[in-house]
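As structure tokens, the structure follows; a few thoughts come after it.
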Protein chains: 2
Amino acid sequence: MRADARRNVERVLKAAEELFADEGLSVPVDMIAARAGVGVGTLYRHFPTKEALFTAIVVAHLESLSARARDLAASEPGEAFFTFLREMGEMAARKRDLADILARAGLFTVETCPVKQQLQEQFETLLERAQAAGAVRPDVTGDDVTALLMGACLTGGEHGQPAADVMVSVICDGLRADHRR
Amino acid sequence: MRADARRNVERVLKAAEELFADEGLSVPVDMIAARAGVGVGTLYRHFPTKEALFTAIVVAHLESLSARARDLAASEPGEAFFTFLREMGEMAARKRDLADILARAGLFTVETCPVKQQLQEQFETLLERAQAAGAVRPDVTGDDVTALLMGACLTGGEHGQPAADVMVSVICDGLRADHRR
DNA sequence: TGACAACCGGAACGGTGGTTCCGTATCCTG
DNA sequence: CAGGATACGGAACCACCGTTCCGGTTGTCA
């Protein structure tokens with residue numbers, strides 16, 4: 001592989017990471033190329049499609065979350081679940097692409113990236129453990145919680161992340177089983 | 001106004017109401033026209049723009065919510081707020097267009113329809129009253145609550161409304177002040 | 001019933017965004 | 001340093017959507 005080619009891949013990845021995080025997955029390809037200082041043709045030689053590009057980036061985020069979930073699997077069930085939820089919310093509020101991916105299941109890359117599948121399973125395990133321990137109300141599903149969290153991050157993300165903190169904390173409180181009288 | 005013209009307006013309104021409710025505001029104009037059994041030209045003769053069309057529809061929903069808010073203004077603060085929240089959530093879960101409008105403030109019709117402004121003020125009043133009465137935690141803003149609720153309706157709306165019930169109830173619980181220890 | 005104004009359908013336009021293509025520039029090897 | 005493979009830029013292409021336009025149709029009134 002030629003040296004300038006490798007350098008351009010780096011540039012594109014950097015530009016894409018920044019833009020996806022700030023603007024979400026809907027940012028135009030041309031803009032990413034412009035930010036990277038290359039033409040769209042160059043971008044497309046290294047990434048066959050736009051989806052491939054943001055998959056490459058989002059997978060890293062998903063893996064870091066997945067690793068964190070694995071770590072927390074050993075802690076006390078309730079504590080583990082809520083800690084993970086808070087961290088996931090914080091991350092999603094900062095990276096719009098993450099929120100986009102986690103929220104709109106069918107739109108892009110469902111089975112394309114197995115990491116997402118894996119993360120969802122880990123998340124569900126954390127939730128079920130917390131429910132079994134009586135820390136979380138038993139009638140919510142994993143999808144419910146993700147939707148709640150991502151909704152807060154996506155719609156609240158307009159004004160910035162400070163608001164997301166409050167919303168995540170409201171969600172956490174609402175999920176605690178002992179709050180239902 | 002000719003008879004067939006009036007009849008076509010009716011058809012378009014009916015088709016738009018159904019499609020907006022089911023698919024959200026992003027449904028193409030052509031599809032609405034097709035469902036109404038008319039050409040796009042006909043649609044555009046009666047509604048100058050797509051926005052005008054869904055404004056015509058959504059305003060009805062907003063007004064019904066606004067009326068409900070007015071009614072509840074007399075009830076006990078906490079009760080009033082949570083009742084309204086639940087009803088708003090239920091309605092938004094059933095009508096995607098409503099959720100779209102309430103969620104994305106800047107995208108469409110901000111000052112175009114004063115009803116929305118009015119509703120937001122009423123909502124904020126309900127919230128502040130509930131907070132003053134100690135029924136709702138004091139650190140959430142009206143925007144926070146709307147974002148939370150609309151996020152749940154929009155991202156959860158994929159699978160249907162049953163899930164939305166649970167999510168709204170989680171939000172309600174999380175908002176109660178006495179739940180924070 | 002005839003004729004005109006109102007109305008209709010849908011093809012065409014303009015803009016946006018993803019993807020492709022090709023003439024040109026650049027890197028690397030001999 | 002020369003020649004060819006490799007990579008580059010960005011114009012061109014295609015699909016989608018909101019909107020406009022115009023030749024044909026249809027309701028209505030005399």
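No experiment lies behind these values; they were computed from the predicted model shown. Letters go in sequence order (proteins before strands), and every chain restarts at 1. Reckoned from all heavy atoms, side chains included, excluding hydrogens, waters and symmetry mates.
Across the protein-nucleic acid pair, A/Asn8 atom CG and C/dC27 atom P stand 10 Å apart, rounded to whole Å. The interatomic distance linking A/Leu53 (CG) with C/dT19 (P) rounds to 10 Å, in whole Å. As rounded to whole Å, 13 Å separates atom C1' of D/dT26 from atom CZ of B/Arg45. Note: CE (A/Met31) to P (D/dG9) measures 18 Å, nearest angstrom. C/dC7 atom P lies 14 Å from atom CZ of B/Phe47, rounded to whole Å. D/dC29 atom C1' lies 19 Å from atom CE of B/Met1, rounded to whole Å. Rounded to whole angstrom, the span from the CG atom of A/Asp30 across to the C1' atom of C/dT16 amounts to 9 Å. Taking atom CZ on B/Arg11 and atom C1' on C/dG9, their separation rounds to 14 Å, with Å as the unit.
Using cut-offs of 30° and 60° on the angle between ring planes, the pair A/Phe84 and A/Phe123 is tilted.
In this structure, B/Glu10 does not pair ionically with B/Arg6, as no charged nitrogen and carboxylate oxygen lie closer than 4.0 Å.
In this structure the side chain of A/Val29 reaches within 4.5 angstrom of the side chain of A/Leu43, judged on heavy atoms. The shortest side-chain heavy-atom distance between A/Phe54 and A/Ile101 falls under the 4.5 Å cut-off.
Of the candidates C/dT20, D/dG9, C/dG9, the closest approach to any side-chain atom of A/Tyr44 belongs to C/dT20. Here the nucleotide nearest the side chain of B/Arg2, chosen from C/dG17, D/dG18, D/dT28, is D/dT28. Nearest to the side-chain atoms of A/Val40 among the listed nucleotides D/dC22, C/dG18, D/dG10 stands D/dG10. Comparing D/dG27, C/dT26, C/dT20 against the side chain of A/Asp4 picks out C/dT26 as the nearest. You'll find that the side chain of A/Thr42 is closest to D/dG9, out of D/dG9, C/dT20, D/dT20.
In this structure, B/Gln118 contributes its side chain and B/Leu62 its backbone to no donor-acceptor pair below 3.5 Å.
In this structure, A/Ala3 reaches the sugar-phosphate backbone alone: every heavy-atom distance under 4.0 Å involves primed, P, OP1 or OP2 atoms, never a base.
The phosphate of C/dC8 (OP1 or OP2) has a side-chain N or O of B/His46 nearer than 4.0 angstrom.
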